Number of protein chains: 2
Amino acid sequence: MPTARERILDATTTLLADKDALAISTRDICAEAQVGMPEIYRQFGDKQGLLTAVADLGFQKFLASKRANPTTDDPVADLKTAWDSHTTFALANPHLYRLMFTPAGSSKPHGISEARELLHAALGRCLNAGRLRLPMETAGHAILSANVGVCLMALSFPDPYADPSVSATLRDTVIGKATGEEEDPRLGTATLLAQQLLGTLTGQGE
Amino acid sequence: MPTARERILDATTTLLADKDALAISTRDICAEAQVGMPEIYRQFGDKQGLLTAVADLGFQKFLASKRANPTTDDPVADLKTAWDSHTTFALANPHLYRLMFTPAGSSKPHGISEARELLHAALGRCLNAGRLRLPMETAGHAILSANVGVCLMALSFPDPYADPSVSATLRDTVIGKATGEEEDPRLGTATLLAQQLLGTLTGQGE
DNA sequence: ACCCGACGTTATCGATGCTAACACGGTATG
DNA sequence: CATACCGTGTTAGCATCGATAACGTCGGGT
């Protein structure tokens, strides 16, 4: 028998597959986890703390599914693969996804920054391959924001925003803008140099 | 004295300026509107109905602020103006915006389709000007999804996603892709990089 | 043996969404 | 003028919810 904490997290995740986070009562969770009510509050402080913990657990699953994607020799293609895996995850786990990316109150899941770092690592590979023509920060924020936007719109208004072509179009547009192939090599070189200089000054080389 | 329905809607909108929709109790609303509890349910069925009505009212305000933007002879510039007014509205009315674009349960506000039509009208003007190189449906959905994504990320994770340059970059990218006719992208990139370098060197490192 | 921490049980509190039952005041219809 | 009606206000109450208190149990480690 797993520990009480694990059972609670497990039960909440299970219930989250059907209902929305707000439609789940602590008593339902306790019944599903075979735990007494106070156990939730001993472990997580309050319901919000539990939900945040579940959201972070969701991020681990989310990031694991991204890390499972092999790193090819085409970093731009890897970016697109990551985008698609993001969208797939959102549509497969709607309530969990909304819990992760539209948190209520002031308790933000910690996993969002890990997602950001993972994306930046992928962008770093593009940079090293000379295929990044936007600042990494800007590119990362833009890509993630657009991706989340597509997913949330598809979840909130499936008609007509769940159309896969919307995700694909936006994916190619945003990633294309960030990584588009360059025409004048000198401009690309200058951009690369500037970015490396910025990275050095910011303290994070690599 | 306005009618009871108006007072309720007004009170809810007022409270929505401070708290989140879920943090507002029906009793708070009744106290603010000087109405008895049953009045809410006579008028809106249940709390969700009231919130949906408030969301639709928000859409009217939202669309009015968009229609207030004059139609110039540059339809692409109009698109960008609309994007900025969208972002401004979201940041100015965070709780109302989240109520509008991430509705809970199965009650979707009706205003979303009006927003879609308004956007399509603007895209139609681009088409007539020969400045649309994407299907209108696709372009409209992509633009709105990206815009909503930027706003929701900025609201949920202001650090670091509330950076105005994210909205601007995504705006120019998506609208640029839909309407063609982009300025040399490397110019914008170089400018952006230079600004970040300047900021870093000046001591205020991003 | 002792205590202590993790876990379970029961009961309870205040707040919330929601509803029933009834009373009041205009308005229009006869 | 009387009637019925509709919108509105008042009170009381229900079931459920999140959260807590008080207490009991068990096992492990010093």
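A, B, ... follow the sequence lines: proteins, then strands. Residue 1 opens every chain. For clarity, every value in this text was computed on a predicted model and none was experimentally measured.
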Between protein and nucleotides 16-18 of chain D, what N or O pairs are separated by less than 3.5 Å?
| residue | atom | partner | partner atom | Å |
| --- | --- | --- | --- | --- |
| dG18(D) | OP1 | Ile24(A) | O | 3.4 |
| dG18(D) | OP1 | Lys47(A) | NZ | 2.7 |
| dG18(D) | OP2 | Thr26(A) | N | 2.6 |
| dG18(D) | OP2 | Thr26(A) | OG1 | 2.8 |
| dG18(D) | N7 | Arg27(A) | NH1 | 2.8 |
| dG18(D) | O6 | Arg27(A) | NH2 | 3.0 |

Quiz prompt | Distance-only donor-acceptor test (3.5 Å): side chain Arg42(A), base dG5(C) | solution = no
Quiz prompt | The single option from Leu144(B), Thr102(B), Ile112(B) passing side chain to side chain contact (heavy atoms under 4.5 Å, CB included) against Phe157(A) | solution =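 Of the listed residues Leu144(B), Thr102(B), Ile112(B), the side chain to side chain contact (heavy atoms under 4.5 Å, CB included) partner of Phe157(A) is Ile112(B).
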Quiz item: Under 4.0 Å between a Lys/Arg side-chain N and an Asp/Glu carboxylate O for Asp28(B) and Lys19(B)?
Solution: yes
Quiz item: Is the side chain of Ser156(B) donor-acceptor paired with the backbone N or O of Leu152(B) at a distance under 3.5 Å, no angle test?
Solution: yes
Self-check item: Any donor-acceptor N/O pair, Asp10(B) side chain to Glu6(B) backbone, under 3.5 Å
Solution: no
Taking [atom1] from [X] and [atom2] from [N], how many angstroms apart are they, rounded to a whole number?
X	N	atom1	atom2	answer
Arg7(A)	dC7(C)	CZ	P	8 Å
Gln43(B)	dT19(C)	CD	P	15 Å
Ile40(A)	dT9(C)	CD1	C1'	15 Å
Glu39(A)	dC7(C)	CD	C1'	5 Å
Lys19(B)	dA15(C)	NZ	P	13 Å

Self-check item: Polar contact flag, side-chain donor to acceptor under 3.5 angstrom, Thr81(A)-Asp78(A)
Solution: no
Quiz item: Any side-chain donor-acceptor pair under 3.5 Å between Thr87(B) and Asp84(B)?
Solution: no
Quiz item: Is the shortest side-chain N/O distance from Thr3(B) to OP1 or OP2 of dG7(D) below 4.0 Å?
Solution: no
